[in-house]
2 protein chains.
Amino acid sequence: MVQQRLTERELRAWRTSFQMLELLRTRIEQQLQADSGLSNADYTVLALLSEAPDGRMRPYELGQVAGWEKSRMHHQLTRMGKRGLITREQCGPRGVDAVITAKGLATLKKAVPGHAQEIRRLFIDPLTAEELDEFARIAGTILDNLQADQPADIGDA
Amino acid sequence: MVQQRLTERELRAWRTSFQMLELLRTRIEQQLQADSGLSNADYTVLALLSEAPDGRMRPYELGQVAGWEKSRMHHQLTRMGKRGLITREQCGPRGVDAVITAKGLATLKKAVPGHAQEIRRLFIDPLTAEELDEFARIAGTILDNLQADQPADIGDA
DNA sequence: CGTGCTGAGTTGATGTATCAACTCAAGAGT
DNA sequence: ACTCTTGAGTTGATACATCAACTCAGCACG
């Protein structure tokens with residue numbers, strides 16, 4: 001045994017949580033890929049754009065909401081642009097907007113039901129309503145703590 | 001708003017949990033990379049090998065414990081082999097063992113304290129003991145459900 | 001015997017994530 | 001006016017993840 005700083009209980013809590021996340025993420029992504037050809041990253045961007053006024057947002061704004069660093073967002077937008085899911089449009093002197101295309105919106109709309117169903121099946125249904133709320137509450141505590149910690153690249157607007 | 005199948009409460013629970021786990025994963029990995037040059041994947045393999053008798057395991061066994069598919073494990077072992085963290089040794093007619101090297105063990109031992117400290121700082125300390133237990137319990141419920149669902153590639157031995 | 005199946009392992013292609021380094025416009029302060 | 005800094009955006013290198021397709025020993029069954 002190499003771990004000396006975490007108790008058995010803490011280590012198990014961490015490993016269980018970590019493995020759960022990894023597996024859940026993988027499953028969600030597989031369903032999404034298989035049914036609609038979208039990755040989790042694609043879906044996140046499309047969902048955020050579809051919720052924005054006029055279906056357009058600045059890349060750095062997207063990055064802040066999604067919690068991504070700028071180069072990740074840039075590469076992602078480039079790949080999505082090649083597939084016709086979004087376009088980049090000039091907006092102002094040195095401003096660029098990421099804009100969801102009709103194809104992007106159609107792809108998203110087609111993907112939503114299956115995605116929601118998979119989230120329900122894998123994440124929501126196995127829990128009681130109380131457990132779900134409790135889990136989300138604790139996750140929120142950890143998330144707040146993380147975001148308050150070292151914003152690294154993604155400063156708050 | 002595009003989501004029609006999940007309630008507002010469910011959607012928020014999902015997004016909070018997902019983003020928290022992603023951010024936590026990223027932070028843990030950054031600390032690990034910066035302090036010891038290891039990725040989460042490297043650390044997982046080294047930790048599992050270090051806990052195995054003689055520091056050796058079959059790749060498919062590693063894959064089962066870690067919950068990885070075989071090609072992911074293969075590529076990972078190849079990369080780690082190039083860096084001298086592990087070696088592959090013939091064992092039996094068609095059997096290969098992944099074996100942790102002295103360098104791999106030393107790297108792991110050097111990485112453990114900082115890694116444990118970061119897990120404590122970001123995941124354990126912000127919660128009460130009761131919250132941590134509750135979180136781990138619920139994560140376990142979801143994980144069990146996932147593993148019972150569609151084992152896909154990683155069948156049980 | 002031989003035909004076909006299974007499962008560990010391998011390979012290459014493609015997509016995704018991260019880091020460092022860079023450009024360049026806009027503002028700040030002198 | 002001039003330099004300095006900041007921050008959005010871009011780029012390329014590298015590492016990591018996923019999928020499909022393949023090899024090949026061992027085994028089952030007929």
Side-chain angles (χ1 to χ4, degrees), chain A residues 21-34 36-45 57-83 85 88-98 151-157, chain B residues 21-45 57-64 66-83 85 88-98 151-157:
Chain A
L21 151 72
E22 291 290 286
L23 191 49
L24 181 57
R25 187 192 195 299
T26 303
R27 289 289 181 81
I28 297 280
E29 175 124 13
Q30 280 171 342
Q31 181 277 328
L32 210 45
Q33 273 293 354
S36 59
L38 296 176
S39 65
N40 260 323
D42 296 331
Y43 189 94
T44 299
V45 170
M57 276 176 95
R58 298 289 289 269
Y60 84 99
E61 219 183 327
L62 271 172
Q64 283 173 1
V65 180
W68 295 5
E69 62 177 350
K70 58 190 178 179
S71 75
R72 177 179 177 187
M73 185 57 74
H74 180 81
H75 288 309
Q76 181 67 32
L77 291 175
T78 300
R79 286 191 298 267
M80 292 177 76
K82 275 185 195 159
R83 289 188 288 153
L85 299 173
R88 284 190 174 99
E89 285 180 16
Q90 207 69 18
C91 86
R94 191 174 164 71
V96 185
D97 266 1
D153 199 64
I154 50 155
D156 13 13
Chain B
L21 291 165
E22 290 291 288
L23 189 51
L24 181 56
R25 184 191 195 296
T26 303
R27 290 289 181 81
I28 297 281
E29 176 126 13
Q30 282 170 340
Q31 181 278 326
L32 209 44
Q33 273 294 353
D35 284 14
S36 59
L38 296 176
S39 65
N40 260 324
D42 296 330
Y43 189 94
T44 298
V45 170
M57 276 175 94
R58 298 289 289 269
Y60 84 98
E61 220 183 326
L62 270 172
Q64 283 173 358
W68 295 5
E69 63 179 349
K70 58 190 178 180
S71 75
R72 177 180 177 187
M73 185 57 73
H74 180 81
H75 288 307
Q76 181 66 34
L77 292 175
T78 300
R79 286 191 298 267
M80 293 177 75
K82 276 185 196 158
R83 289 190 286 153
L85 298 173
R88 284 191 175 97
E89 285 180 15
Q90 206 69 19
C91 86
R94 191 174 164 69
V96 185
D97 266 359
D153 198 65
I154 50 154
D156 13 16

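Just so we're on the same page: letters track the sequence lines, and every chain starts at 1.
Distance B/Glu89 CD to C/dG9 C1': 17 Å, rounded to the nearest Å. Rounded to an integer number of Å, the gap from CD of A/Gln90 to C1' of D/dA8 is 12 Å. In this structure, the CE atom of B/Met57 is 16 Å from the C1' atom of C/dG9, given to the nearest Å. The nearest whole Å value for the distance from the CD atom in A/Gln30 to the P atom in D/dA17 is 14 Å. Regarding B/Leu85, its CG atom lies at a distance of 14 Å from the C1' atom of D/dA15, rounded to whole Å. In this structure, CG of B/Leu23 is placed 10 Å from P of C/dT18, rounded to the nearest angstrom. Taking atom CD of residue B/Glu29 and atom C1' of nucleotide C/dA17, one finds them 9 Å apart after rounding to whole Å. Distance, B/Lys82 NZ to D/dC16 P: 11 Å, rounded to whole Å.
For A/Gln76 and C/dA17, the shortest distance from a side-chain N or O to OP1 or OP2 is below 4.0 Å. Side-chain nitrogen and oxygen atoms of B/Arg79 include none within less than 4.0 Å of the OP1 or OP2 phosphate oxygen of D/dA15. In terms of phosphate contacts, B/Arg58 brings a side-chain nitrogen or oxygen within less than 4.0 Å of OP1 or OP2 of C/dG9. Of the side-chain N and O atoms in B/Thr26, one or more sit less than 4.0 angstrom from OP1 or OP2 of C/dT18.
With B/Met57 as reference, B/Leu62 is the one residue of B/Asp97, B/Val45, B/Leu62 to meet the side chain to side chain contact (heavy atoms under 4.5 Å, CB included) rule.
Distance from the side chain of A/Gln33 is smallest to C/dT16 among C/dT16, C/dA17, D/dA17. The side chain of B/Ser39 sits closest to D/dC16 out of D/dC19, C/dA17, D/dC16. Comparing C/dA17, C/dC19, D/dC16 by their nearest atom to the side chain of A/Glu69 picks out C/dC19.
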Pairs under 3.5 angstrom, nitrogen or oxygen only, protein versus nucleotides 10-14 of chain C, please.
residue : atom : partner : partner atom : Å
C/dT10  : OP2  : B/His74 : ND1          : 2.7
C/dG12  : O6   : B/His75 : NE2          : 2.9

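Residues satisfying the side chain to side chain contact (heavy atoms under 4.5 Å, CB included) test with A/Arg83, not counting sequence neighbours, are A/Asp42, A/Met80, A/Leu85. Among residues two or more places apart in sequence or in another chain, the salt bridge (Lys or Arg N to Asp or Glu O under 4.0 Å) test is passed with B/Arg25 by A/Glu22, B/Glu29. Qualifying side chain to side chain contact (heavy atoms under 4.5 Å, CB included) partners for A/Arg88, counting only residues two or more places apart in sequence or in other chains: A/His74, A/Leu77, A/Thr78, A/Val96. Under the salt bridge (Lys or Arg N to Asp or Glu O under 4.0 Å) criterion, B/Glu61 pairs with no residue at all, not counting sequence neighbours. A search for side-chain hydrogen bond (donor to acceptor under 3.5 Å, both in side chains) contacts involving B/Gln33 returns nothing, not counting sequence neighbours.
A/Arg27 and A/Gln30 are not linked by any side-chain donor-acceptor pair at a separation below 3.5 angstrom, with hydrogens and angles left out of the test.
Using a 4.0 Å heavy-atom criterion, one finds that B/Asp42 contacts the sugar-phosphate atoms exclusively.
Between A/Glu22 and A/Glu61, it is A/Glu61 whose nearest contact on DNA chain D lies nearer the 5' terminus.
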